[in-house]
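Each remark here refers to the structure printed beneath this line.
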Amino acid sequence: MTLPAHAADIVTTIRNFSPGVESRRWNDSQFSQITFIGCGPRGARSVQVKMRQDKAWQPDPHRGTKTFTKCFRNTNPASYSRGTWHKLPKGKYYFQIGSIKGAKVVDVYQVRIRPKK
């Protein structure tokens with residue numbers, strides 16, 4: 001299954017992300033959706049995805065955690081997990097990798113970030 005891309009989507013891949021590693025930043029408000037398509041390595045079962053707001057010269061507020069499992073079902077890139085965060089204040093955002101079950105790092109064939117613009 002191929003997921004449709006939207007004009008404002010940010011599309012990338014991640015390799016060897018360990019707990020604590022941060023994604024790139026994007027501007028957002030109210031709503032953000034993150035999709036992981038085709039996760040690895042073999043043996044990994046889940047990964048926590050933490051939404052954080054980037055605040056200059058302050059601690060970055062945590063806006064919630066989602067646990068992604070479905071993207072690990074097989075090596076087929078069509079296997080995906082999705083998390084949606086609502087009621088986000090306007091600002092810069094990023095996701096941070098939390099715990100990973102079954103591996104020390106996570107790889108994702110395709111990461112899609114859909115912010116509300």
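Predicted model, so just to flag it, every value in this text is computed and none were measured. Worth knowing before you read on, the calculation uses all heavy atoms, side chains too, and leaves out hydrogens, waters and symmetry mates.
Annotation: side chain of Q33 is in contact with side chain of R82 (closest heavy-atom distance under 4.5 Å).
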Which atom pairs, one a donor and one an acceptor, fall under 3.5 Å between side chains of residues 11-21 and the rest of the protein, sequence neighbours left out?
none

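Rounding to the nearest 0.5 Å places CD1 of I100 at 9.0 Å from OG of S46. Atom CZ in F68 sits 8.5 Å away from atom CD1 in I97 (nearest 0.5 Å).
For the pair K66 and W85, the cation sits on the ring face: its NZ or CZ lies under 6.0 Å from the ring centre, inside 45° of the axis.
For the residue pair N27 and Y93, no side-chain donor N or O sits within less than 3.5 Å of a side-chain acceptor on the partner.
V111 and V105 fall into different hydrophobic clusters, defined by Ile, Leu, Val, Met, Phe, Trp and Tyr side-chain heavy atoms under 4.5 Å apart, directly or through other members.
When each of R52, Q48, K50 is paired with Q96, the side-chain hydrogen bond (donor to acceptor under 3.5 Å, both in side chains) condition holds for R52 and for no other.
Applying the side chain to side chain donor-acceptor pair (under 3.5 Å) test to D54 and every residue at least two apart in sequence or in another chain returns R25. Partners of T65 by side chain to side chain donor-acceptor pair (under 3.5 Å), not counting sequence neighbours, listed by chain and number: H62.
Ring planes of F31 and H86: tilted class, angle from 30 to 60°.
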Check step by step if salt bridge (charged side-chain N to carboxylate O under 4.0 Å, His left out) holds for D9 and R114. CA-CA 5 Å; D9 285 2; R114 179 188 290 171; 3.5 Å; yes
